[in-house]
Amino acid sequence: MFNPLEIKKGLYWVGAIDWDLRSFHGFTYSTHTGTTYNSYLLVDDKIALIDGVKDIFFPEWRERIRKVIDPEKIDYFICNHVELDHSGAIPQMMRLLPKAKLVTNQRGKDNLLKHFFTEWDFQIVKTGDRLCLGKKTLRFIEAPMIHWPDSMFDYLEEDGILFSNDAFGQHYASSYRFDDEVSFDLIMDENAKYYANILWPLSPVILKKLEEIKRMNVPLNMILTSHGLSWRKYQDKAIEAYCNWASGESVPKVIIAYDTMYASTEKIAQALLEGVISGGVDAKLYRLPISDIGDIIKKFLDAKGLLVGSSTVNNDLLPSVAKFLHELKGLRPLNKIGSCFGSYGWAKDIVVKAMENTLKESGIQVVPSSLSFKYVPSESELKQCFEFGRKFALEVKKS
Ligand code: FEO
């Protein structure tokens, strides 16, 4: 029960598996299988515990550690990130570590104090500082806004292992710990979902940090994440994918997301879909109230185009569309083009203009201008939609 995993001599995974989690960050990021909170125990002349778990997983974390050593012997607890999925159980754990220093950066200390109001024996580190444990040395790399101001990576110099915390992780619960134990497509899909739903708005910072890591010119034999599977075979692919996403690279693909009241907007969506496909571009259609927003956001990560549609109700858009656009605005997708469509009874164009404005505020270039029709679209109006879809496909292919 609650066995640790020895990753290599003296280095153990001692985290926790949250099989039940079904959403993260306020319901929009669906976590269909759950997640893990990865923690690592490094046993050398000195002993370091790296990263923590969510509060309710303290017993599981403690039991895995106890199967390796008596927690009283731990010299350092290294906090790479204060978000509660990693720090919630720190107060309980620190009570078991009477001699441990709590190692973090200044922002980490500030944020821990603001969460737990406890003056632990802090040791403040910054980028480039080293912690010698005996035969092994950890080097610290601050990584602010990946994805909180306090975020930090640690690099185990002798083994070429990067402890990356949230970066390169996935919300994926399984009995496996490494990328080469599951299908490559599965881990990349989960990697994309994590990036799109959590890290996307931080792309400029991530790009700079990736360049900094490349400039370090050190081996990366493993990347040990704080969520889901870690990387010991495809770490280059994981970094390459992050570079592509952070640079806003897209493929010719269109996401069509809509909601409909009496099927008018649905008819427009179907005609647009046919038009885009006829224009030689792959397209996916999602009716928002029955679709998973987290999954749509993942699909949009590398898609060039977005078409969003809504009926008009009370001079406004339907709630499922508003929720989707609200999420999109926060994620600030890079290098995308989009347009809007919908139907109305008497409030002409109000909804498509509102949706267009949100797309613009999200950083999406609106081309060509949007489409909306009164009540039920006629055959000739549906032909216009088809042609609009074909033109949009051309825009996607040329941009
Ligand atoms: Fe996994 Fe930003 O916490």
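One-based numbering, in listed order, for ligands and for the atoms of each.
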> Closest to atom 2 (Fe) of ligand 1, which N/O/S atom of H81 is it?
Replying inline: NE2
> Is the NZ or CZ atom of R232 positioned over F178's six-membered ring, under 6.0 angstrom from the centre and within 45° of the axis?
Replying inline: yes
> Does T312 use its side chain to pair, donor to acceptor, with the backbone of N315 at less than 3.5 Å?
Replying inline: no
> Out of the N/O/S atoms in E83, what is the name of the one closest to atom 2 (Fe) of ligand 1?
Replying inline: OE1
> What angle sits at atom 2 (Fe) of ligand 1 between ND1 of H147 and OD2 of D166, to 10°?
Replying inline: 80°
> Between F153 and F163, does the ring centroid distance fall short of 6.0 Å?
Replying inline: no
>> For the backbone of G228 and the side chain of N38, can you confirm whether one donor and one acceptor N or O come within less than 3.5 Å of each other?
In response: yes
> How about D85: does one of its N, O or S atoms come closer than 2.8 Å to atom 2 (Fe) of ligand 1?
Replying inline: no
